[in-house]
There are 2 protein chains.
Amino acid sequence: MTEPRWLNADERRAWLALLSINTLLPAALDNQLHTAGKVSLFDYNVMAMLSEAEGRFLPMSQLAARTSSSLSRLSHVVAKLEKRGWLERRPHPRDARVTTAHLSDVGMATLEALAPGHVEAVRTKFLDALTERDVNDLARIGEKIVARLDDDHWILRETESRP
Amino acid sequence: MTEPRWLNADERRAWLALLSINTLLPAALDNQLHTAGKVSLFDYNVMAMLSEAEGRFLPMSQLAARTSSSLSRLSHVVAKLEKRGWLERRPHPRDARVTTAHLSDVGMATLEALAPGHVEAVRTKFLDALTERDVNDLARIGEKIVARLDDDHWILRETESRP
DNA sequence: GTGCGTCACTTGAACGCTCAACCACGCTCT
DNA sequence: AGAGCGTGGTTGAGCGTTCAAGTGACGCAC
């Protein structure tokens, strides 16, 4: 049983900052989205990911990967959004195990109505605090951390060349 | 109504990475703490902040600030930890409005038992992915973001010289 | 010294998330 | 063809968080 390596000053600063961001930033963005349209940040993201997909639909498991969520959490949320008429679930034609979530026209319209306020909030709460160089550094560092947590996370494949 | 400024490539990368980290990192650390001792990351942090305070106690509102949480959330959690015998609530002697949360000896012992595994997890899930320079950059950038979200957040006063 | 506004918290209900159990399907092996 | 295993997804219970409302206590004005 060897003595653990405690955090040095910079490590502690980085960790505490990340921890704070982690609770403050989602809260701030949730807040804006909730007052603008009774939607959580996660709800928004689910719809945004669908809106960017080919045909505006994705299998549940791929949608879960794109939102970094568990299938269980996603299932509950999709059920909620479906009740509001923003999404529709359909069985996959070739594989009866998979369900695909489709963004409806109403859902797309809702998303488009919410989008400007949301990106504006992302800017004012977060990006506006940073220089261009900071943003670049953060993207690089952030992706390293994501890779450590999930080495084939989809965001790592977005721009990368495939073999 | 002007056209909103959408995110450029780097901004999008930084934002998506932060969003993913935000869900994956707490989940990973929660997991480790929960299997090691039925404690959430937030529970741990509450106790850690108390352990570092003078006399191992803090008024609820200061503890809330140090954990970036609402007073309501903290109140519920402190009640839970108090039931486990790790904390104790006492009225403030001079101001009857304030309650102070005191870390008990049992709580301190629990924290010390959990700490090595926790910092190890912080390293393996997060810090080990980064170079020394990355850690430094992240600390700087992270603090800028925190400042934007809450301009007198306590972590910004830790090392800074006071007027 | 009596209102009256504010501060520091607490509470309960509604909602969201996690975890474990479950079901249905497809694939592989024999 | 059928047994067994892995995959994709759903469900319900339990717990955690948020939100709005409520309770005292302090402090300032007059």
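In what follows, chains are A, B, ... by sequence order, proteins preceding strands, each numbered from 1. Atom set for the values below is all heavy atoms of this structure, side chains included, hydrogens, waters and symmetry mates excluded.
- Here B:Leu63 contributes atom CG and B:Met47 contributes atom CE; the two are 11.5 Å apart, rounded to the nearest 0.5 Å.
- Counted by atom type alone, A:His102 and A:Ser104 present zero donor-acceptor pairs between their side chains at under 3.5 Å.
- With rounding to the nearest 0.5 angstrom, the OG atom of B:Ser51 is 6.5 Å from the CG atom of B:Leu103.
- Nucleotides of DNA chain C lying under 4.0 Å from heavy atoms of chain A occupy a range whose first and last members, 5' to 3', are C:dG16 to C:dG26.
- Here the CG-CD1 distance, from A:Leu138 to B:Ile21, works out to 7.0 Å after rounding to the nearest 0.5 Å.
- Salt bridge B:Glu11/A:Arg123: present, at least one basic N to carboxylate O contact under 4.0 Å.
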Report summary line: Protein heavy-atom contacts under 4.0 Å, written 5' to 3' over nucleotides 17-25 of chain D as B (base), S (sugar-phosphate only) or - (none), form the string SBB----BB
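- Not counting sequence neighbours, A:Arg5 has no partner by the side chain to side chain donor-acceptor pair (under 3.5 Å) test.
- For A:Glu143 and A:Arg157, the salt-bridge test fails: no basic side-chain N is under 4.0 Å from an acidic carboxylate O.
- Atom CG of A:Leu58 and atom OG1 of A:Thr100 lie 9.0 Å apart (nearest 0.5 Å).
- Salt-bridge annotation for B:Asp105 and B:Arg56: present, with a side-chain N of the basic residue lying under 4.0 Å from a carboxylate O of the acidic one.
- Once rounded to the nearest 0.5 Å, the distance linking CZ of B:Phe126 with CZ of A:Arg148 reads 11.5 Å.
- Only at 4.0 angstrom or more do the heavy atoms of residues 84-92 of chain A sit from any atom of DNA chain C, so none qualifies.
- Side-chain atoms of B:His34 and B:Ser40 form no donor-acceptor pair, as typed in the model, at a separation below 3.5 Å.
- Between A:Lys80 and A:Asp43 there is a salt bridge, with a side-chain nitrogen of the basic residue lying less than 4.0 Å from a carboxylate oxygen of the acidic one.
- Rounding to whole angstrom units, CG of residue B:Leu41 and P of D:dG16 are separated by 14 Å.
- Comment: A:Arg140 does not engage B:Asp10 in a salt bridge, judged by the lack of any side-chain N to carboxylate O separation of less than 4.0 angstrom.
- Listed by residue number, the members of residues 50-63 of chain A with any heavy atom below 4.0 angstrom from DNA chain C form an empty set.
- To the nearest 0.5 Å, atom OG1 of residue A:Thr67 and atom CZ of residue A:Arg73 are 7.5 Å apart.
- Direction of the helix axis in the helix from C:dG1-D:dC30 to C:dT30-D:dA1 shifts by 20° between the two five-pair termini, rounded to 10°.
- For the pair B:Glu82 and B:Arg84, the salt-bridge criterion is not met [side-chain N within less than 4.0 Å of a carboxylate O].
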